[in-house]
Amino acid sequence: VQLQASGGGFVQAGGSLTLSCVASGRTFSTYPMGWFRQAPGKEREFVAAISSQGVTTDYADSVKGRFTISRDNAKNTVNLQMNSLKPDDTAVYYCAAGRWSTIRTISSMTYWGQGTQVTVSS
């Protein structure tokens, strides 16, 4: 599975962005998907995840209520709708595919996209 993330950009605090991750390959629908982010000088961290059929989602406390993850298996796409953005959300955002049991564990993810930059100004 190859992953291609897009949709990042520059936005003012309180604004919104939607990130998309398009996957190649026929097995996309079998993989739980996650979004992670890495801010300058910080470790990569879990943001959100969605189960393979989109039934179950999981969010980091820092984004709960502001971000929404969704997927369209017919289009091999997983999206991250980000609302009420804060300067602390500034980071490179990555999509990844893995196993649900370890979906928050960065080292356990099987496939990674290349990342897309999100910058939130105050």
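In this chain, residues are counted from 1 in sequence order. Just so it is clear, the model here is predicted, and its values are computed rather than measured. FYI, side chains are in, hydrogens and waters are out, and symmetry mates aren't considered; it's all heavy atoms of this structure.
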Point to revise | Under 3.5 Å donor-acceptor, Gln114 side chain and Ala5 backbone | key: yes

Review point. Counting N and O atoms only, with roles assigned by atom type, does the side chain of Thr116 sit under 3.5 Å from a partner on the main chain of Gly8, one being a donor and the other an acceptor?
Key: yes

Point to revise | Pair Lys86 + Asp89, salt bridge at N-O below 4.0 Å | key: no

**Study point:** Minimum-distance pair of heavy atoms, taken over all atoms of Glu45 and Ile106
**Key:** N-CD1, 3.9 Å

Exercise for review: Measure across Ala39 and Ala91 and return the closest heavy-atom pair with its distance rounded to 0.1 Å.
Suggested key: N-CB, 3.7 Å

Rounded at 0.5 Å granularity, tell me how far [atom1] in [X] sits from [atom2] in [Y].
X     : Y      : atom1 : atom2 : answer
Arg99 : Ser108 : CZ    : OG    : 7.5 Å
Asn76 : Arg71  : CG    : CZ    : 9.0 Å
Asp58 : Ser51  : CG    : OG    : 10.5 Å
Gln81 : Arg66  : CD    : CZ    : 12.0 Å
Glu43 : Phe36  : CD    : CZ    : 13.5 Å

Review point. Without hydrogens or angle criteria, can the side chains of Gln12 and Ser121 be said to hold a donor-acceptor pair below 3.5 Å?
Key: no

Exercise for review: Answer yes if the side chains of Asn83 and Ser16 hold a donor-acceptor pair under 3.5 Å, and no otherwise.
Suggested key: yes

Review point. Should we count CD of Gln2 as having more than 12 external heavy atoms under 6.0 Å?
Key: no

Exercise for review: Assess whether atom NZ of Lys42 is packed by more than 12 heavy atoms of other residues, nucleotides or ligands within 6.0 Å.
Suggested key: no

Check your understanding: Can Ser20 and Asn79 be said to form a side chain to side chain donor-acceptor pair (under 3.5 Å), step by step?
Key -> CA-CA 4 Å; Ser20 293; Asn79 295 323; 2.8 Å; yes

**Study point:** Val63: hydrophobic cluster co-members (side-chain, 4.5 Å)
**Key:** Val1, Leu3, Val11, Leu17, Leu19, Phe28, Tyr31, Met33, Trp35, Val47, Ile50, Tyr59, Phe67, Ile69, Val78, Leu80, Met82, Leu85, Tyr93, Tyr111, Val118, Val120

**Study point:** Heavy-atom side-chain contact between Arg37 and Ser62 under 4.5 Å
**Key:** yes

Review point. Hey, does Ile103 have a side-chain heavy atom less than 4.5 Å from the side chain of Pro32?
Key: yes

Point to revise | Geometric cation-pi criterion Arg44 and Tyr94, 6.0 Å radius, 45° cone | key: yes

Check your understanding: Please walk me through it: do Gln4 and Cys21 pass side-chain contact (heavy atoms from CB on, under 4.5 Å)?
Key -> CA-CA 5 Å; Gln4 180 79 30; Cys21 177; over 6 Å; no

